[in-house]
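Worksheet: one structure, shown below.
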Amino acid sequence: MKMNKTELPRHIAIIMDGNGRWARMRGLPKMVGHREGVESLRDIVTYCRETGISILTVYAFSTENWKRSKREVDTLMGFVKKYLDIELKNFKKNEIRLNFIGRLNELPPSVERDIRAGMDQTKGYSKMLFNIALNYGARSEIVDAVNEILRERHKSVDEEGFASFLYTKGQPDPDLLIRTSGEMRISNFLLWQLSYSELYFTDKLWPEFRKKDLAKAIEIYQNRKRRYGG
């Protein structure tokens, strides 16, 4: 198989799983796995921008992840701030629009401030849209959409109208969902948006997943026939 650059997925979503397992297998602290996972993310964002993927959405921190130890949560939030500090110049240079989705108002104030500043500073770019799902849960997203519909006193909405109340309003649904680490579930991620997405699961742990692995996933996607229920 060879990737066809004229038939790329417009929107790729990724569940980045396996940082902790990668570290344990090497006798390293879990935080080292998270740090190495950031390197994979940098590699994948660069590849998507160079290849011509219009939208990349990654699952960074779920609403359930608050159950982890305070030390791990604090470290992950620190990684978010550090990632923004390091990568924002690259986003601007490559005209990547940064967008966070989730219940952002429940994040630590300093994290919320930094991510909103990052979104504001890149809002004019259009070469690629990079969504980071942070404090995100698909059920929460749907509940938030319903509550917004109720607040606006709509008597009814159709599917298109409902989608306009989601965090991803105005964006095409993912064509391809990738999950690393061998787990075969979607873990409360983009439940509405993934209705007709192609799913790709790999045993590679996230810190091992790099450009060549994404290229392989895209090649496999291109060799599937999408029927959309027809």
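Between the side chain of Arg226 and the backbone N or O of Tyr196, at least one donor-acceptor pair lies under 3.5 Å. Panel note: side chain Thr51, backbone Cys48; no donor-acceptor pair is recorded below 3.5 Å. Here the side chain of Glu141 pairs no donor or acceptor atom with the backbone of Gly102 at under 3.5 angstrom. The backbone N or O of Leu205 lies less than 3.5 Å from no partner atom in the side chain of Thr180, so there is not a single donor-acceptor pair. Checking side-chain atoms of Ser40 against main-chain N and O of Trp206 turns up a donor-acceptor pair under 3.5 Å. Put simply, the side chain of Asp74 never gets that close to the backbone of Arg71: no donor and acceptor are under 3.5 Å apart. In terms of modelled atom types and a separation under 3.5 Å, the side chain of Asp17 and the main chain of Ser181 share no donor-acceptor contact. A distance-only check finds no donor-acceptor pair linking the side chain of Arg97 to the backbone of Met128 [under 3.5 Å].
Listed by chain and residue number, Asp158 satisfy the side chain to side chain contact (heavy atoms under 4.5 Å, CB included) test with Glu160 (two or more places apart in sequence, or in another chain).
Rounding to the nearest 0.5 Å places CD of Gln121 at 11.5 Å from CE of Met119. Atom CG of Asn99 is separated from atom CZ of Phe130 by 10.5 Å, given to the nearest 0.5 angstrom. With values rounded to the nearest 0.5 angstrom, Ile15 atom CD1 is found 10.5 Å from Ile178 atom CD1. Atoms CE and CG, on Met77 and Asn65 in that order, are 8.0 Å from each other to the nearest 0.5 Å. Between the CD1 atom in Ile149 and the CG atom in Asn147 there is a gap of 9.0 Å [rounded to 0.5 Å]. From Glu159, atom CD reaches atom OG of Ser195 across 8.0 Å, with rounding to the nearest 0.5 Å.
Residues in residues 181-196 take part in these salt bridge (charged side-chain N to carboxylate O under 4.0 Å, His left out) pairs, two or more places apart or across chains: Arg21-Glu183, Glu183-Arg185.
Under the 4.5 Å side-chain contact rule for hydrophobic residues, Met16 and Leu177 do not share a cluster. Phe100 and Leu190 end up in different hydrophobic clusters when Ile, Leu, Val, Met, Phe, Trp and Tyr side chains are linked at under 4.5 Å. Hydrophobic clustering keeps Leu129 apart from Leu194 (ILVMFWY residues linked when any side-chain heavy atoms are closer than 4.5 Å, directly or through intermediates). At a threshold of 4.5 Å between side-chain heavy atoms, the hydrophobic network of Ile, Leu, Val, Met, Phe, Trp and Tyr places Ile14 and Leu199 in two separate groups. Hydrophobic clustering (ILVMFWY, side-chain heavy atoms < 4.5 Å, transitive): Phe79 and Ile44 are in one cluster.
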Using side chain to side chain contact (heavy atoms under 4.5 Å, CB included), reason through Val111 and Lys81 one step at a time and then give a plain yes or no.
CA-CA 6 Å; Val111 176; Lys81 291 171 65 67; 3.9 Å; yes
Going through the distances and angles, do Arg210 and Asp213 end up as a side chain to side chain contact (heavy atoms under 4.5 Å, CB included)?
CA-CA 5 Å; Arg210 298 300 169 101; Asp213 302 297; 4.2 Å; yes
Report the C-alpha distance between Phe162 and His154 in whole Å, list the side-chain angles of each, state the deciding distance to 0.1 Å, and finish with yes or no for ring pair (Phe, Tyr, Trp, His ring centres under 6.0 Å).
CA-CA 11 Å; Phe162 185 82; His154 291 274; over 10 Å; no
Could you please spell out the steps behind the side chain to side chain contact (heavy atoms under 4.5 Å, CB included) verdict for Asn131 and Ile55?
CA-CA 8 Å; Asn131 294 313; Ile55 306 173; 3.6 Å; yes
Give the intermediate values and the outcome of side chain to side chain contact (heavy atoms under 4.5 Å, CB included) for residues Arg179 and Met184.
CA-CA 7 Å; Arg179 180 167 187 155; Met184 301 179 74; over 6 Å; no
Working for side chain to side chain donor-acceptor pair (under 3.5 Å), residues Asp144 and Tyr167
CA-CA 9 Å; Asp144 289 348; Tyr167 303 149; 2.5 Å; yes
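Each of Asp175, Ile12, Val45 was evaluated against Ile53; a single residue qualifies, Ile12, per the side chain to side chain contact (heavy atoms under 4.5 Å, CB included) test. The only option from Thr168, Asp173, Thr57 that meets the side chain to side chain donor-acceptor pair (under 3.5 Å) definition with Gln193 turns out to be Thr168.
Using a 4.0 Å cut-off between charged side-chain N and carboxylate O, Glu219 and Lys216 make no salt bridge. Look at Glu64 and Lys67 and you find no salt bridge, because none of the NZ, NE, NH1 or NH2 atoms lies under 4.0 Å from a carboxylate O.
Pro207 and Glu36 get closest at one heavy-atom pair: CB-CG, 3.7 Å. Closest of all the heavy-atom pairs between Tyr136 and Ile101 is CB-O, 3.9 Å. Contact record, Ala60 with Ile132: CB-CG2, 3.7 Å, taken as the closest heavy-atom pair. Across every non-hydrogen atom of Ile96 and Tyr125, the tightest pair is O-CD1, 3.7 Å. The two residues Asn188 and Tyr59 come nearest to each other via the heavy atoms O-OH, 3.3 Å. Taking each heavy atom of Arg10 and Pro172 in turn, the nearest pair found is NH2-CB, 3.3 Å.
Ile186 places a side-chain heavy atom less than 4.5 Å from the side chain of Leu191. For the pair Phe165 and Val146, the minimum side-chain heavy-atom distance is 4.5 Å or more. The closest side-chain heavy-atom distance from Gln171 to Leu166 is not below 4.5 Å. Inter-residue side-chain proximity for Asn135 and Trp66 is flagged as met; some heavy-atom pair is nearer than 4.5 Å. By the 4.5 Å heavy-atom criterion applied to side chains, Leu56 and Arg49 are not counted as neighbours. Between Leu84 and Leu98, the closest side-chain pair of non-hydrogen atoms falls below 4.5 Å. Counting heavy atoms from C-beta outward, Lys89 and Lys92 have side chains that stay 4.5 Å or more apart. By the 4.5 Å heavy-atom criterion applied to side chains, His11 and Leu176 are not counted as neighbours.
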Name the atoms and distances for all side-chain donor-acceptor pairs under 3.5 Å in residues 26-35, with sequence neighbours left out.
residue, atom, partner, partner atom, Å
Arg26, NH1, Trp22, O, 3.0
Arg26, NH2, Glu208, OE2, 3.4
Lys30, NZ, Glu72, OE1, 3.3
Lys30, NZ, Glu72, OE2, 3.3
His34, ND1, Asn19, ND2, 3.2
His34, NE2, Glu72, OE2, 3.0

